[in-house]
Amino acid sequence: MAAANAPITMRETLTLPSIGITTQFITFTHVTMESDKFICVRETAPQNSIVIVDMNAPNQPLRRSITADSAIMNPTSKILALKAQIQGTTQDHLQIFNIEAKTKIKSHQMPEQVVFWKWITPKILGLVTQTSVFHWSIEGDSEPVKMFERTANLANTQIINYRCDPTEKWLVLVGIAPGSPERPQLVKGNMQLFSVDQQRSQALEAHAASFATFKVAGNENPSTLICFASRSFNAGQVASKMHIIELGAQPGKPSFTKKQADLFFPPDFADDFPVSMQISEKYGLIYVITKLGLLFVYDLETATAVYRNRISPDPIFLTAEASSVGGFYAINRRGQVLLATVNEQTIVSFVSGQLNNLELAVSLAKRGNLPGAEDLVVQRFQELFAQTKYKEAAELAAESPQGILRTPDTVAKFQSVPVQSGQTPPLLQYFGTLLTRGKLNAYESLELSRLVVNQNKKNLLENWLAEDKLDCSEELGDLVKVGYTPDYLFLLQTILRTDPQGAVNFALMMSQMEGGCPVDYNTITDLFLQRNLIREATAFLLDVLKPNLPEHAHLQTKVLEVNLVTFPNVADAILANGMFSHYDRPRVAQLCEKAGLYLRALQDPVIHFKYIEAAAKTGQIKEVERVTRESNFYDPEKTKNFLMEAKLPDARPLINVCDRFGFVPDLTHYLYTNNMLRYIEGYVQKVNPGNAHLVVGQLLDDECPEDFIKGLILSVRSLLPVEPLVEECEKRNHLRLLTQFLEHLVSEGSQDNLLILTAIKADPSRVMDYINRLDNFDGPAVGEVAVEAQLYEEAFAIFKKFNLNVQAVNVLLDNIRTIERAVEFAFRVEEDAVWSQVAKAQLREGLVSDAIESFIRADDVTQFLDVIRAAEDANAYHDLVRYLLMVRQKTKEPKVDSELIYAYAKIDRLAEIEEFILMPNVANLQNVGDRLFDEALFEAAKIIYAFISNWAKLAITLVKLKQYQSAVEAARKANSAKTWKEVCFACVDAEEFRLAQICGLNIIIQVDDLEEVSEYYQNRGYFNELISLMESGLGLERAHMGIFTELGVLYARYRPEKLMEHIKLFSTRLNIPKLIRACDEQQHWKELTYLYVQYDEFDNAATTVMNHSPEAWDHMQFKDVIVKVASVELYYKAVHFYLQEHPDLINDLLNVLALRVDHSRVVDIMRKAGHLRVVKPYMVAVQSNNVSAVNEALNEIYIEEEDYDRLRESIELHDNFDQIGLAQKIEKHELLEMRRVAAYIYKKAGRWKQSIALSKKDNLYKDAMETCSQSGDRELSEDLLVYFIEQGKKECFASCLFVCYDLIRPDFVLELAWLNNMIDFAFPYLLQFIREYTSKVDELVKDKIEAQNELKAKEKEEKDVVAQHNMYAQLLPALPAPLGMGGGFAAPSVPMGGVGMPPMPGFGMPPTGSF
């Protein structure tokens, strides 16, 4: 395919070698390109440097001497990120710099090596280590944040890409690794997809991946898609696939259907694989780029293959999105930077022709606003319209490429569709679709506004204007201006946020509004300047300051100040144009000097005047003459006065000033009074003869000699303007001065003219004679002069003489003011133009019938608007009909035909109206019908509306005529809510309730109109009829919540017996809050409670039941409600309520609240009420929580009931109460068991003495002994033994010895028994003690014997070892003794006392003394 016809075009934008980049550095590790803004290259030879290529100026690279392992430029701004490994470690040092500001933004030391990094947004760097992925924001002081850990499939892979979706909720990491052993040349691709919200990862096979957004039909929120391409080797087969999957599908919303497509690799590319994927959001295309330079193009929506071609002969290792053009950049190993873009002129025709995919061609054309599918789109639109698929047709028209269907024809087509009952009008569907897509054009804006204004919903217009949805026009302004005052400042601020140029246009529109701009110019300017929109503020001010008014001086100064600071060249242009003259010149001059506009600074009038003054005072007359002649910046008045006061010998500077700035009379007076007559002659003859009349006039005022003046006039002769000269002389009554001058002119051939003109000026009585006698004069000109001189009869005679009949009749009409003579003259000459002038005059005088007759004679249709207006004012409609019938034969004007119909109606010629509208005409029937209707000409309006099928207005007209049945039929055809309402209300007022119900059923299906209908019926007392209407509405197919709710409200007000049944039947279809208000107002408490429960307003339900219990209370319902309330206080309010009204059920209530209430507070409530015993079952049930208040309350009850078993059980199981207090309370109780419980409490509390004393007091000796045993106190046990002996309780004494066996001392027992002759009772104890003691001694002896045996066995073993050693020694030969010693070996003599141990007593026991 020829490159020119290819759907994708490729061009080389740059070659890296051409800007000094050597080939060795054109690799994946040295070159980075994060966006279409910059390329960054890292060089390591001949020195370490970073090269930054700005794609807007690629041939001017920025080279900086920087050492780094990696460098990447921010995708949108001149911010550079650098990475370098810290020497001797595996850590990386990261730094971010602002190149323009030459400042470091932030830095960080990573504890592990970063193997890949990338700008995933303009504010966030993605950092990939061997194990994890981090995000590092350039804002603030934050450190990198760990996002997720790498999955196992990415182990031992080279990371080549990392991306996030626009919402930053989804992340994807891509890496490549060597191929499988069966196919090592085919590189593996692996991908990790991570969900930030779910904190989960999924491992997939992929070489390239990218995120995209796509708007699914029926879902207002865009879907996030993941696109990825893979090429894998499995079971001996190579599979190449591309997948498109939606991420995080929205519940209940239409979702994107998963798509996949094959990637077809040619045989020569068997081992090729994808290295990159880019998405064109502009055109909805997917670009898949392979390592060997193949490009695959797919449609994002359908995954249809669009194009495949090789775009580079060299391997591609890097790509970047070119979002502004919907393409991408690619860099190959040769260093070529290639730009791929869509060929907008051919891609649609390529898809429709080469691929034969018409649907995709139309979709592409709509998506990218591309040419080539016009016929297809129009054909498809017509098909949809023919199939009555108006919604689809509206969407197609709204998205039509290049707006080919956004035309008045399309609007008319939708307007022509009859509206079906219960359906949205197709026209509204169309406009709604357009509003969701963007801005309406001027015609669409006007038509939509008409609809809105007719429905009295002008607030919608303000919203749309604020959102810049409408195209403002004069017609739109006329439509909405009546009775509507928008907030212009708010609208301007809103537009300014999104469309600065649109804001300028809107501000200029406001400046041109009638009555002045609604917002002060200074306020508008400040709004622009606050957003630094200098150019827009300048554009606005330059337009509105064109009149150059003094009151705008501060604004003139402001626009110059702002531009001199920011855009001096603009300020220079403004000053050069000389637009302004009221600004603060000293201030602007200072700013000009600061901005380097020195010449402009010198344009200060003060400076120029000072210069002239200085030159004059120093005698530099030539310089004064030059400056006064050339400069435009001095003050003329001030300079003139100075030069006159200076009285220079040379008057030329003064002549320059006065001639240039209109001070000729002052100049003449100065020169004459100073006797500088030669300068007067020189000025008139050489400088400006055209001003001679001014000189002559001033000389006459100065009483100059006439001879000098005559000579001066004759010296210039024909160069002198005659008429101004005559005027000047005439004003001063010196026309005689001109006699000689006029004679000179007569001699040149203008005598007649001059004679008549002079006579007109000097002797009017002779003018008529000259007119009759002379023929050689300029009739038209002289006639006009005569008119100016108020010689009207003479002027009429001149015009009539020269057959200038129109001018003649105008003199009669305008000057002589005689219509009768004019009519007579018109009859005489019989010229259409003359009759026209007569007709106009008659019309002005209110002679409408005569004027119409004259217009008809003149066959003049040009003044039909004035005729119509005058005829209507005079009520001359019969004459007007004649005139309009003549006019419409000459011209086809809608106004004429429209007025003719109106005139027919005014004279009650209805048959002519019916006949006329059936014939071809251009009347604006809609406007005529509206006018007739407004003026109560309903029969005529009925004819018009019926003819144009304006059923809405026809219905209202029929209502006015009281033809209600026909009005209903017309309303049915109109199917407009407004029409239905008007007919309905009229039928209600006429008590035509059957017809009113038919209308009402078509109104109440619209939520916004339902309440209005209801109020209308109710205000007139027609309650039963309204209820009947609403009940009928329940069965409608389009019945909505509002109908069910409104009927419920009506039942609440007028039929309460039906209310509960209605609520229960339709609870899911009610607007419960509204019905709640109605029930509350009407005091239907039972129904109100039910509604609160259905609406989950359990607090209000419970409150209502308690406040209105006679009607609303039901025990089972209340139990269900109270456990669901949110307010804790209601629990206790319910307790009080039940205590007062239903005490028999209070325990049942408390049981369901047991897990929610504060038991202490419940007990307190019941205690204060004096009914604690009532809730005993509840307290027993909750006592397991061991709450102090509950325990004490129950214990009190048990004491009162003398139920000591339950009391003891309560005390044993639940210890959270005032134990001592309870014990003291019952220790003197009359019941023994109660006192015993008190002793038990003292025992539990460790009050051993009190417990024992209480037990002894009640002869509960067993309890006393057990208490002593549990106390572990020897003294208490021995005291109890003494007590038993004292009381003669020998058996208790013997029992106590065993109960307190471990605490009592044997010697104390033996002594006590011996002294009290109770050895027999103590003997069992002593036997037991002796047996236990001897057992212990036997154990000790046994242990000692075993220890001695072990020691002896050890000693014997040691002796055996020594003996064996000595035996081996005897077998060895004797060894020689060392020098200085005896000849034999002699063991040292050591005394053996227990093998070297000191003597020990037997068994280690001390010596036994005497016993």
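A quick note: this is a predicted structure, and the numbers were derived from the prediction, not measured.
Remark: the Asp1148 side chain and the His1115 side chain contain an N/O donor-acceptor pair separated by less than 3.5 Å. The closest side-chain donor-acceptor pair between Tyr1242 and Glu1227 falls under 3.5 angstrom. Between the side chains of Ser255 and Gln250, no donor N or O sits under 3.5 Å from an acceptor N or O. Residues Tyr1051 and His1084 have side chains that never bring a donor and an acceptor to within less than 3.5 angstrom of each other. Between His1229 and Tyr1204, the side chains place no donor N or O within less than 3.5 Å of an acceptor N or O (distance only, hydrogens not considered).
To the nearest 0.5 angstrom, Glu1202 atom CD is 4.5 Å from Leu1231 atom CG.
Between Trp1113 and His1142, a ring centre-to-centre spacing shorter than 6.0 Å is recorded.
Between Lys1058 and Glu1031 there is a salt bridge, with a side-chain nitrogen of the basic residue lying less than 4.0 Å from a carboxylate oxygen of the acidic one. For the pair Glu1129 and Lys1133, the salt-bridge criterion is not met [side-chain N within less than 4.0 Å of a carboxylate O].
Remark: of the listed residues Tyr1261, Phe1293, Phe1321, Tyr1261 is the sole one forming a ring-ring contact (aromatic ring centres under 6.0 Å, His included) with Phe1284.
Counting only distance, with no hydrogens or angles, the side chain of Asp165 and the backbone of Trp170 share a donor-acceptor pair below 3.5 Å.
Taking the six-membered ring where tryptophan is involved, the planes of Tyr1022 and Tyr1017 are perpendicular, since the angle between them exceeds 60° and thus also 30°.
At a threshold of 4.5 Å between non-hydrogen side-chain atoms, the residues Asp1263 and Tyr1240 do not count as touching.
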